Structure formats: structure tokens, C-alpha cells
Amino acid sequence: MNANTESTQIMDLFEKGKVLKICAPMVRYSKLAFRSLVRKYDCDLCFTPMVVAADFMRSVKARDSEFTTSQGDRPLIMQFAASDAQTLADATCVVSPFTDGVDLNCGCPQRWAMAEGYGACLINKPELVRDMVRLVRNQVDNPSYSVSIKIRIHKDLRRTVDLCQKAEAAGVSWVTVHGRTAEERHQPVHYDAIRTIKDSLSIPVIANGDIKNLRDVESTHQLTGVDGVMAARGLLANPAMFAGYEDTPLECIWDWVDIALAHGTPFTCFHHHLIYMMERISSQPERKVFQRPIQHLCCH
């Protein structure tokens with residue numbers, strides 16, 4: 001970790017009339033090198049991958065492998081998975097000098113996360129989420145440090161609105177809404193639900209789900225009235241998406257080569273990103289050849 005004293009006033013990013021463009025927390029993918037790449041192409045704010053707060057607090061080794069940053073890696077939000085307020089607050093205090101805000105994952109639908117009391121199961125525990133937000137607020141001594149939550153929606157939207165309003169009352173800075181339930185995977189995003197949540201809160205709301213190009217950014221804003229949009233797969237496929245490119249431009253691919261080399265990115269990770277970036281612009285036979293080296297390496 002390298003401390004950067006120039007912390008950003010995150011809430012100042014939410015200008016009226018501007019739609020904030022955000023890189024989602026992606027396990028294995030939204031690490032420092034990739035964040036450095038999307039920041040070159042009009043990404044306003046980046047999240048770290050989700051990190052389990054209890055593991056993070058358990059050892060220095062875990063902290064060093066899970067969280068790396070650099071001087072230019074701002075504004076930055078650290079996302080934690082946690083199931084109790086004190087662990088989340090302790091982990092936040094460790095990263096607060098190096099980040100501009102913390103985000104509690106209340107949306108991960110994977111079975112392992114739910115079984116541990118993390119992720120999407122938290123949307124059914126509004127009082128716990130409220131207590132977690134409140135304790136982090138009380139323990140971090142920087143008043144401009146943001147505390148946010150990323151959620152999925154309930155089938156009964158009144159429960160989601162109740163959760164968000166409780167979090168707002170506890171001092172949450174903003175809410176990111178993935179417009180699907182915990183059971184839904186590739187079903188259409190419920191834009192009407194995101195709109196309802198936006199209308200029921202006085203804090204900023206970010207929309208997440210199916211953002212694949214700049215037109216999707218604009219249409220999602222029109223449909224929901226949100227203050228920002230968060231992209232995951234769309235940015236993996238085209239890290240220059242927020243700058244208006246339809247497909248990954250060649251200069252972006254070269255930028256990735258340079259950045260990955262400079263950061264000492266492991267080959268598997270470097271290669272996975274290239275596969276995503278070149279998927280739309282390469283033929284099936286080309287993709288087969290391109291993916292062969294990784295299969296060969298994995299076997300030996």
C-alpha cells in the first residue's frame with residue numbers, strides 16, 4: 001500500500017446533470033492494473049474487487065495480496081464483504097488512509113457468500129446493515145470519507161426501499177442498485193425498481209446491470225434518473241467504453257500491454273483481460289488459437 005494524501009471529496013463528484021461513470025468491483029478483475037487502464041478512458045470512479053473483511057484483518061499477507069494501490073489510483077472505493085459491524089469498521093480504518101470510501105457488498109448472489117452471511121443475504125437484514133453503516137461512520141475520523149452499499153432488489157420492492165431508507169438514516173453516502181433479485185442472473189434489469197428507489201431517497205443512487213456502451217449509460221439515466229452508472233462485463237469487453245468507443249480500440253490494447261508489464265501482472269490475468277477485450281473483434285478460429293497458450297500453461 002502506498003498512501004496518497006490527496007484524498008478526493010467523493011461527494012463532489014456527484015454534480016447535478018452529470019452521470020458518474022464507474023468501474024464495478026469485480027473479483028480477480030478490477031485490480032490496480034485494470035483500474036489504471038479504465039481511468040485513461042473517462043472512468044470517473046473505480047472500486048476494488050470485493051474483499052472479505054475478516055480475512056483481510058487476519059493477516060498482513062492477506063492485506064498485501066488483496067489490496068494494492070498507487071499514487072494515481074484515485075478516486076478509489078474499497079469494497080468489503082462483512083457480516084458484522086466491528087469487523088467492517090476495523091477493516092475500513094486500515095484502508096481509509098489509502099482510499100476515498102468504503103462499500104459494503106449486499107448484492108453478491110454466490111452460494112458461498114450467502115452461506116457465510118455476506119452479500120445478497122444482507123438485503124434481508126436491514127437493521128444489521130444500518131448498524132454496520134453507523135459504526136463505520138463513527139469509527140472513521142474523516143468526515144468526507146464515503147460509506148456506501150451495493151444491493152440487489154427484493155421481489156417486494158417496499159422491502160428494498162425500507163432497507164435503503166434505514167441505511168440513509170444511518171449516514172450512508174449513496175446506494176448502488178443492481179436491478180435484479182438475488183435469484184436473477186441474465187433476466188432484464190428492472191429499471192422501474194431502480195427509479196422507485198431513486199425517487200424514495202435524497203442521497204445519490206447508482207444503477208448497475210447491463211451497461212455495455214455509452215448509449216446504455218444515457219438510456220439508463222433517462223429511465224431511472226440515477227446519478228451514475230456502474231459497468232462490469234461491458235468494461236471488461238471494452239475498457240474504453242466510457243470514452244465512447246464501440247469496440248476496444250487498438251491503442252487501448254497497447255495501453256493494457258504497457259500497464260500490465262509495468263505492474264508485473266500475472267500472465268493468466270493479463271491473458272484473460274486480452275481475451276475479453278478482443279472477443280468482439282476476432283473471429284472464432286482466431287479466438288481458438290489465442291486461447292490455446294493459456295490451456296497449455298494450465299496443463300503443465
Side-chain angles (χ1 to χ4, degrees), residues 7-51 69 72-80 95 99-108 144-153 164 167 172-180 189 191 194-195 197-198 201 203-245 252 273 276:
S7 70
T8 305
Q9 303 278 344
I10 285 283
M11 301 316 289
D12 291 349
L13 295 175
F14 293 98
E15 295 170 27
K16 203 159 181 59
K18 183 190 174 186
V19 186
L20 217 55
K21 300 189 282 288
I22 303 170
C23 176
M26 293 177 277
V27 175
R28 291 188 302 278
Y29 292 119
S30 51
K31 294 196 168 184
L32 176 58
F34 187 69
R35 297 195 301 264
S36 303
L37 180 66
V38 295
R39 287 185 195 282
K40 291 188 71 149
Y41 291 92
D42 290 1
C43 182
D44 299 312
L45 177 61
C46 290
F47 276 57
T48 68
M50 180 186 81
V51 173
T69 184
D73 189 30
R74 304 296 276 268
L76 179 64
I77 304 294
M78 181 81 185
Q79 193 191 62
F80 282 119
V95 299
T99 56
D100 303 291
V102 70
D103 186 80
L104 173 63
N105 186 309
C106 304
C108 178
S144 66
Y145 194 76
S146 73
V147 182
S148 55
I149 59 174
K150 184 172 186 289
I151 66 168
R152 282 183 175 242
I153 59 173
C164 293
V172 89
S173 307
W174 79 81
V175 177
T176 301
V177 183
H178 184 118
R180 295 184 175 97
V189 171
Y191 295 106
I194 301 174
R195 170 115 234 167
I197 294 162
K198 170 63 188 163
L201 302 174
I203 52 173
V205 173
I206 306 295
N208 175 222
D210 285 2
I211 305 291
K212 297 192 177 72
N213 52 50
L214 216 46
R215 289 186 305 281
D216 292 339
V217 172
E218 190 47 46
S219 62
T220 300
H221 174 61
Q222 295 292 336
L223 287 165
T224 61
V226 290
D227 306 273
V229 295
M230 177 184 281
R233 290 174 190 276
L235 274 181
L236 283 181
N238 179 8
M241 175 185 86
F242 284 147
Y245 291 91
C252 180
H273 276 293
Y276 273 114

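Keep in mind it's a predicted model, so treat the numbers as computed, not measured.
With hydrogens and angles disregarded, no donor-acceptor distance shorter than 3.5 Å links the side chain of D44 to the backbone of I22.
Residues passing the ring pair (Phe, Tyr, Trp, His ring centres under 6.0 Å) test with F47: none are found, sequence neighbours excluded. Residues satisfying the ring pair (Phe, Tyr, Trp, His ring centres under 6.0 Å) test with F80, not counting sequence neighbours, are F56. Under the rule for a side chain to side chain contact (heavy atoms under 4.5 Å, CB included), the partners of N105 that lie at least two apart in sequence or sit in another chain are M50, Q79, C108. For V19, the side chain to side chain contact (heavy atoms under 4.5 Å, CB included) criterion is met by V217, H221, V229, not counting sequence neighbours. Under the side chain to side chain donor-acceptor pair (under 3.5 Å) criterion, T224 pairs with no residue, sequence neighbours left out. A232 meets the side chain to side chain contact (heavy atoms under 4.5 Å, CB included) test with A24, M26; sequence neighbours excluded. Partners of H178 according to the side chain to side chain donor-acceptor pair (under 3.5 Å) rule, which considers only residues two or more places apart in sequence or in another chain, are R180, N208. By the side chain to side chain donor-acceptor pair (under 3.5 Å) test, Y41 is found to be paired with D255, residues two or more places apart in sequence or in another chain being considered. Listed by chain and residue number, nothing satisfies the salt bridge (Lys or Arg N to Asp or Glu O under 4.0 Å) test with R152 (two or more places apart in sequence, or in another chain). Every residue meeting the side chain to side chain donor-acceptor pair (under 3.5 Å) condition with D227, not counting sequence neighbours, appears here in chain and number order: K198.
Between M241 and I211, the closest side-chain pair of non-hydrogen atoms falls below 4.5 Å. Counting heavy atoms from C-beta on, the side chains of S148 and T176 never come closer than 4.5 Å. Residues L201 and W174 have side chains not in contact (no heavy-atom distance under 4.5 Å, counting atoms from C-beta outward). Put simply, the side chain of I194 reaches to within 4.5 Å of the side chain of V226, judged on heavy atoms. Side-chain contact check for L223 versus T220: every heavy-atom pair is 4.5 Å or farther apart. In this structure, V175 and I151 have side chains that are in contact, with non-hydrogen atoms separated by less than 4.5 Å. At least one side-chain heavy atom of M11 sits less than 4.5 Å from a side-chain heavy atom of P204. The shortest distance between side-chain heavy atoms of P25 and D103 does not fall below 4.5 Å.
Considering CG of D12 and OG of S144, their distance stands at 8.5 Å, rounded to 0.5 Å. Distance check: I149 CD1 to C164 SG gives 5.5 Å after rounding to the nearest 0.5 Å. To the nearest 0.5 Å, the span separating CG on D216 from CD on E218 amounts to 11.0 Å. We find the CG-OH distance between D210 and Y191 to be 5.5 Å, quoted to the nearest 0.5 Å. Here the OG-CG distance, from S146 to L45, works out to 8.0 Å after rounding to the nearest 0.5 Å.
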**Item:** Intermediate values then yes/no, side-chain contact (heavy atoms from CB on, under 4.5 Å), T99 and T69
**Value:** CA-CA 9 Å; T99 56; T69 184; over 6 Å; no

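Applying the salt bridge (Lys or Arg N to Asp or Glu O under 4.0 Å) test to every pair with at least one member in residues 230-243, sequence neighbours left out, gives no pairs at all. Sorted by first and then second residue, the salt bridge (Lys or Arg N to Asp or Glu O under 4.0 Å) pairs with a member in residues 21-39 read R35-D73, R39-D73; sequence neighbours excluded.
Nearest heavy-atom pair, S30 versus C23, reported as atom, atom and distance to 0.1 Å: CB-SG, 4.3 Å. Among all heavy-atom pairs drawn from D42 and A243, the shortest one is OD2-CA, 3.7 Å. The minimum heavy-atom distance linking D100 with P75 is given by the pair OD2-CA, 3.1 Å. Here the closest non-hydrogen pair linking C43 and C46 is SG-SG, 3.9 Å.
Among F242, Y276, Y29, the one residue that satisfies the side chain to side chain contact (heavy atoms under 4.5 Å, CB included) test with L235 is F242.
Looking at Y145 and S173, their side chains never bring a donor and an acceptor atom within 3.5 Å of each other.
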